[in-house]
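Quick note: residue numbers are just sequence positions, from 1.
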Amino acid sequence: MYRCCQALPKVTRNGFCGPAVHWSRSKSVLHELTASTSEAPKTVRPFEEIPGPRLWPIIGNLPDYLTNGFTTEDYHRMWERRYEEYGKESKIVAERVFHRQWVNVYSPATAKQVFAQEGKYPERPRMAIYFLRKENLRHLGFPFEDGERWKHGRSIWNNKVLQPRAVEDYIPRINDVVDDFVEHIRQLATAGPREVDGHQLKPGEVPNLLTEIMKCSLEMMGSIALSKRLGGIRPGFDLDLDAHRFLAENRLFWPHSAKLDMSAFQLFRYFPNKTYKAMKRHWLNMCAITSKLMEEYGDRMKVRR
């Protein structure tokens, strides 16, 4: 499932209420086109006609979130429910909470159409981590830039990192991590029924799967960026102490980030609240751990030379 927030300019879906349909945020309308997308729109229809939950005046579908008791950790369940109720045929579902509106895209083919229509300089929503970087770093980094600065950074990245020859160098390292991860999950799944953190596991159930996936991600990043396995999924190798600290901070960071990103008015941008300050604390701790690991990597490279 792909989420296209309000910054995406258009969503296209063939076969929904006509040969092709575009959603434009700037005009909040649906343009129904003929089979040739180069022709002018024949009809103009409101944004609200995209399939989705009932949109109440002013508040949108906020009651739907409140009455179902979903938390920031459960939004994936809500979006899965959106697909079951509204998106099986159209593959797109529209939502709005107060002034924020977005479209959930449930098809890789439709997501491809979205990206193809973003234009030379795509606009993206400002996530909470954007404001952290802006406040604490001298630069945003090209993934958080817009316009020409983003285009320039992405072009350099494409040439240096995304070329097939460059990727091939990392395949053996990635394969080693994946093989260990698969075996690690298999061992956890076949360990038999038991109780973990007060939860009685069912046969084949993996405890704390999200944590195990995070360990795998750390192993991949460490293997590629640091030429070092950080442990945690390879039999006989415990999680590196710094990696353990990073993992703990990361688990605490993301719930705060998700809560801020999904807030209706995002007042934290102007008046930092407790959630923002907690997210900032965990993020700074992760930055410190990353800096330490990078310094150690630099020292190892100097010794090799």
| Got more than 12 heavy atoms from elsewhere within 6.0 Å of CD, E148? |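 For E148, atom CD is not crowded (no more than 12 foreign heavy atoms under 6.0 Å).
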Donor-acceptor under 3.5 Å ([X] side chain, [Y] main chain):
{"X": "S217", "Y": "I213", "value": "yes"}
{"X": "E118", "Y": "E123", "value": "no"}
{"X": "N273", "Y": "F268", "value": "no"}
{"X": "S257", "Y": "F253", "value": "no"}
{"X": "S263", "Y": "L260", "value": "yes"}
{"X": "E296", "Y": "L293", "value": "no"}

| field | Pairs meeting criterion side-chain hydrogen bond (donor to acceptor under 3.5 Å, both in side chains) with involvement of residues 276-290, two or more places apart | value |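 For residues 276-290, and leaving out neighbouring residues, the side-chain hydrogen bond (donor to acceptor under 3.5 Å, both in side chains) pairs sorted by first residue read E135-Y276, E135-K280, E249-H282, E249-N285.
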| Taking only residues two or more places apart in sequence or in another chain, which ones pass ring pair (Phe, Tyr, Trp, His ring centres under 6.0 Å) with H244? |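 Checked H244 against ring pair (Phe, Tyr, Trp, His ring centres under 6.0 Å); zero matches.
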| message | Please enumerate all residues that pass ring pair (Phe, Tyr, Trp, His ring centres under 6.0 Å) together with Y170, with sequence neighbours excluded. | response |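 Listed in chain order: nothing, the list is empty.
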| Distance under 6.0 Å and angle within 45° of the ring axis: does R77 meet both against W79? |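 Cation-pi check for R77 and W79: fails.
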| request: Applying side-chain hydrogen bond (donor to acceptor under 3.5 Å, both in side chains), name anything that partners T211, two or more places apart in sequence or on another chain. | output: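 Per chain and number, T211 pairs via side-chain hydrogen bond (donor to acceptor under 3.5 Å, both in side chains) with R251.
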| task | For V93 and P53, work out which heavy atoms get closest and say how close. | result |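 Here V93 and P53 meet closest at CG1-CD, 4.1 Å.
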| Minimum heavy-atom distance between L132 and M279, given as atom pair plus value |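 Minimum heavy-atom separation between L132 and M279: CD1-CE, 3.4 Å.
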| task | For the residue pair K91 and Y83, confirm or rule out a side-chain donor-acceptor distance under 3.5 Å. | result |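 Looking only at side-chain atoms, Y83 and K91 do form a donor-acceptor pair, the distance falling under 3.5 Å.
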I need the [X] [atom1] to [Y] [atom2] distance, nearest 0.5 Å.
{"X": "I174", "Y": "E219", "atom1": "CD1", "atom2": "CD", "result": "12.5 Å"}
{"X": "N250", "Y": "L218", "atom1": "CG", "atom2": "CG", "result": "7.0 Å"}
{"X": "I233", "Y": "K215", "atom1": "CD1", "atom2": "NZ", "result": "9.0 Å"}

Side-chain cluster (under 4.5 Å, hydrophobic types only) that [X] belongs to, other residues:
{"X": "Y121", "result": "none"}
{"X": "V196", "result": "L201"}
{"X": "I156", "result": "none"}
{"X": "I171", "result": "none"}

N/O donor to acceptor pairs below 3.5 angstrom from side-chain atoms of residues 57-67, sequence neighbours left out:
from	atom 1	to	atom 2	distance (Å)
N61	OD1	R96	N	2.8
N61	ND2	E95	OE1	3.0
D64	OD1	N68	ND2	3.3
D64	OD2	R82	NH1	2.6
D64	OD2	R82	NH2	3.0
Y65	OH	E95	OE1	2.8
Y65	OH	E95	OE2	3.4
T67	OG1	P63	O	2.8

| message | Apply side-chain contact (heavy atoms from CB on, under 4.5 Å) to residues K228 and R300 and explain how you reach the verdict. | response | CA-CA 11 Å; K228 176 183 178 181; R300 292 199 304 272; 3.8 Å; yes
| field | D242 vs R245, side-chain contact (heavy atoms from CB on, under 4.5 Å): CA-CA, chis, key distance, verdict | value | CA-CA 5 Å; D242 288 321; R245 291 174 52 221; 3.2 Å; yes
| Taking only residues two or more places apart in sequence or in another chain, which ones pass side-chain contact (heavy atoms from CB on, under 4.5 Å) with W150? |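 Applying side-chain contact (heavy atoms from CB on, under 4.5 Å) to W150 gives P122, R124, F142, E145, R154.
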| request: Using the test side-chain contact (heavy atoms from CB on, under 4.5 Å), find all partners of A264 that sit at least two apart in sequence or belong to another chain. | output: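 side-chain contact (heavy atoms from CB on, under 4.5 Å) check on A264 returns V97, F98.
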| request: Check step by step if side-chain contact (heavy atoms from CB on, under 4.5 Å) holds for F246 and L230. | output: CA-CA 11 Å; F246 186 95; L230 298 174; over 6 Å; no
Can you give me every donor-acceptor pair (side chain of residues 177-185, partner residue at least two apart or in another chain, under 3.5 Å) with its distance?
from	atom 1	to	atom 2	distance (Å)
D180	OD2	R229	NH1	3.3
D180	OD2	R229	NH2	2.9
D180	OD2	R234	NE	3.1
E183	OE1	R186	NE	3.1
E183	OE2	R186	NE	3.4
E183	OE2	R186	NH2	2.7
E183	OE2	Q187	NE2	3.1
H184	NE2	E212	OE1	2.7

